[in-house]
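Everything below concerns the one structure shown next.
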Amino acid sequence: MSRQAFVQEEIRKHKRVRVFSCSYAGKKIWVKQAEPVRNVSWLRFARRACLLFGLGILQPSADPDGRRALRFETGRLRRLSARGIRVPEVFAAGDGWLALTDCGDNLINVLGGAEVPVQAAQTILSSAAENLAALHALGMHHGRPALKDMVWDGQEVTLLDFEDGIIMGLSREKRILRDLLIFMQSIFKEMGHDGPLLATGAFAVYARIQPHYAARARAYFGRLNLLSLLLRIGLRYTGRDLESIYQTLHFFRK
C-alpha cells in the first residue's frame, strides 16, 4: 500500500479527529486534518486593530482557511528540510491533510515535569534557540515558535506547526523579531519561577548565533514603554498570556 493510500485509510478511521498518530512499517506517523478556524471575525478585527495602532508585530497569524494553511505548511516544511533546518519529514500530503514523521516529545510535556533539572531544561532550550536562529539565518520566519510547537528527541529540538503564516504589513526583519518575541514569551509563560533564568540563557544562545536580530529585538521591544505600562497596570485583571508578554517586554527593556 502506498503512503498516500495508507494515510487516506487511516483518515477514514479517524474522521472527526484533528490530530492522530498511526504506525507505518514500524514508523510513527502524525496526521493533521484541516479544520475551520474559530472566531474568524475576531481574528480579522484583531489584525486590523494591531496594524491601525502601529502594533502589527503583535497581530494574530492564524489562517482562517484550514485547508490553505496545511498546503502552506507542507510547502514550507519541504523547503526548510532542503535547507537543513530540523523540521519533520513530510510523509505524505493531500487535500485537507498532512502526515509527518514523529520527531520526539512535545517540549511542554518534556519540560513540564517537576523532576526536570534546570540544567537539562537549559540544554533543551539552547537547542531550540539554535534551531530558531538557523531558521532566521535564512531570512525566514516561523510564525508561532512557542514551546508547544517544538519537540525533543533526546538530542535535538525540531520545529513544528508552520501553518500560521498570515502576517500583514511587516518587513522580513520584523517577522523575525516577532518570532523571537513569541519564543521568549513562551518560556516565561510555561517555565514558571525558572522562566527568567531559562529565558536569559536561551536568549544568550540565540544572540551568539544571530547578534543582529538579538540587538534589534532589544532596541525594538525595549521602546514599547506605553504597552508595557498598560500591561503592568492591568496585570491583576489579565491571565498568564498577557502577564508573560509583560515579563518579556520587561526583559528586553533591561
Side-chain angles (χ1 to χ4, degrees), residues 37 42-64 69 72-73 76-77 79-80 83 85 87 107 125 128-150 157 159-191 195 199-200 202-207 209-228 230-231 238 240-254:
V37 176
W42 167 252
L43 281 174
R44 290 172 176 163
F45 168 79
R47 182 173 292 118
R48 292 192 187 103
C50 287
L51 293 170
L52 177 64
F53 290 103
L55 294 173
I57 206 162
L58 300 181
Q59 67 183 278
S61 60
D63 190 331
F72 177 76
E73 180 175 16
R76 292 187 79 189
L77 287 172
R79 290 192 297 273
L80 290 172
R83 301 288 297 273
I85 302 300
V87 295
L107 254 59
L125 291 175
E130 289 169 357
N131 206 6
L132 186 63
L135 174 68
H136 292 168
L138 299 177
M140 304 177 73
H141 71 285
H142 181 286
R144 193 189 62 189
L147 299 188
K148 65 180 181 180
D149 299 315
M150 303 178 188
V157 166
L159 302 177
L160 303 177
D161 289 336
F162 284 82
E163 58 188 293
D164 279 13
I166 304 300
I167 304 176
M168 308 295 291
L170 286 188
S171 65
R172 174 182 295 181
E173 181 177 86
K174 285 189 176 179
R175 292 177 184 219
I176 289 173
L177 298 187
R178 182 180 183 278
D179 267 5
L180 191 50
L181 176 72
I182 292 172
F183 176 56
M184 298 296 292
Q185 180 261 340
S186 182
I187 297 175
F188 278 107
K189 177 185 175 183
E190 305 293 349
M191 299 313 301
T200 299
F203 186 78
V205 171
Y206 180 94
I209 302 170
Q210 288 294 342
H212 170 76
Y213 291 131
R216 292 291 297 128
R218 289 192 192 99
Y220 184 85
F221 296 119
R223 292 199 306 266
L224 300 181
N225 295 326
L226 178 58
L227 177 60
S228 183
L230 291 174
L231 288 171
T238 60
R240 188 71 187 114
D241 282 346
L242 292 184
E243 181 183 356
S244 58
I245 291 175
Y246 169 76
Q247 289 178 295
T248 307
L249 293 178
H250 183 69
F251 171 85
F252 282 120
R253 288 181 66 190
K254 291 193 298 182

Between Ala146 and Ile182, the two heavy atoms sitting closest are N-CG2, 4.1 Å
CD of Gln247 to CD of Gln185, rounded to nearest 0.5 Å, is 9.5 Å
Distance col, row Ser244:OG vs Leu249:CG, nearest 0.5 angstrom, shows 9.5 Å
Original post:
Hey, mind stepping through Asn131 and Met150 against side chain to side chain contact (heavy atoms under 4.5 Å, CB included) and telling me if it holds?
Top reply: CA-CA 10 Å; Asn131 206 6; Met150 303 178 188; over 6 Å; no
Discussion item. If you apply the rule side chain to side chain contact (heavy atoms under 4.5 Å, CB included), what do you find for Met191 with Leu147, and how did you get there?
Written reply: CA-CA 10 Å; Met191 299 313 301; Leu147 299 188; 4.3 Å; yes
Of all heavy-atom pairs linking Phe251 and Ala199, the shortest is CZ-O, 4.4 Å
dist Asp179:CG -> His136:NE2 (nearest 0.5 Å) comes out at 3.5 Å
Has the side chain of Asp149 got a donor or acceptor atom that lies under 3.5 Å from a matching backbone atom of Asp161?
-> no
So CD1 of Ile167 and CZ of Arg144: to nearest 0.5 Å the spacing works out to 11.5 Å
| said: Do Leu180 and Tyr206 have side chains that approach each other closer than 4.5 Å (heavy atoms only, starting at C-beta)? | reply: yes
Would you check if Leu135 and Phe162 make a side-chain contact, meaning some heavy-atom pair closer than 4.5 Å?
yes
4.5 Å side-chain heavy-atom contact, Asp63 and Glu163:
no
Is there side-chain contact between Met184 and Phe252, with at least one heavy-atom pair below 4.5 Å? yes
Value for OG1 (Thr200) from CG (Leu125), rounded to nearest 0.5 Å, stands at 11.5 Å
Correct closest heavy-atom pair for Ala207 and Arg218 would be CB-NH2, 4.3 Å
Interatomic distance, CZ@Arg79 vs CG@Leu77, rounded to 0.5 Å, equals 9.0 Å
Note to self: Before you tell me yes or no, could you show the steps for Leu177 and Phe221 under side chain to side chain contact (heavy atoms under 4.5 Å, CB included), namely the whole-Å CA-CA distance, both residues' side-chain angles and the distance that decides it to 0.1 Å?
What the structure shows: CA-CA 9 Å; Leu177 298 187; Phe221 296 119; 4.1 Å; yes
Could you walk me through whether Ile85 and Met140 pass the side chain to side chain contact (heavy atoms under 4.5 Å, CB included) test, one step at a time?
CA-CA 11 Å; Ile85 302 300; Met140 304 177 73; over 6 Å; no
For Ile187 and Ala202, the nearest pair of non-hydrogen atoms, with its separation, is CD1-CB, 3.8 Å
query: Is a donor on one side and an acceptor on the other found under 3.5 Å between the side chain of His141 and the backbone of Glu173?
result: no
With a 3.5 Å distance limit and no angle check, can you tell me whether Arg76 reaches the backbone of His142 through a side-chain donor-acceptor pair?
yes
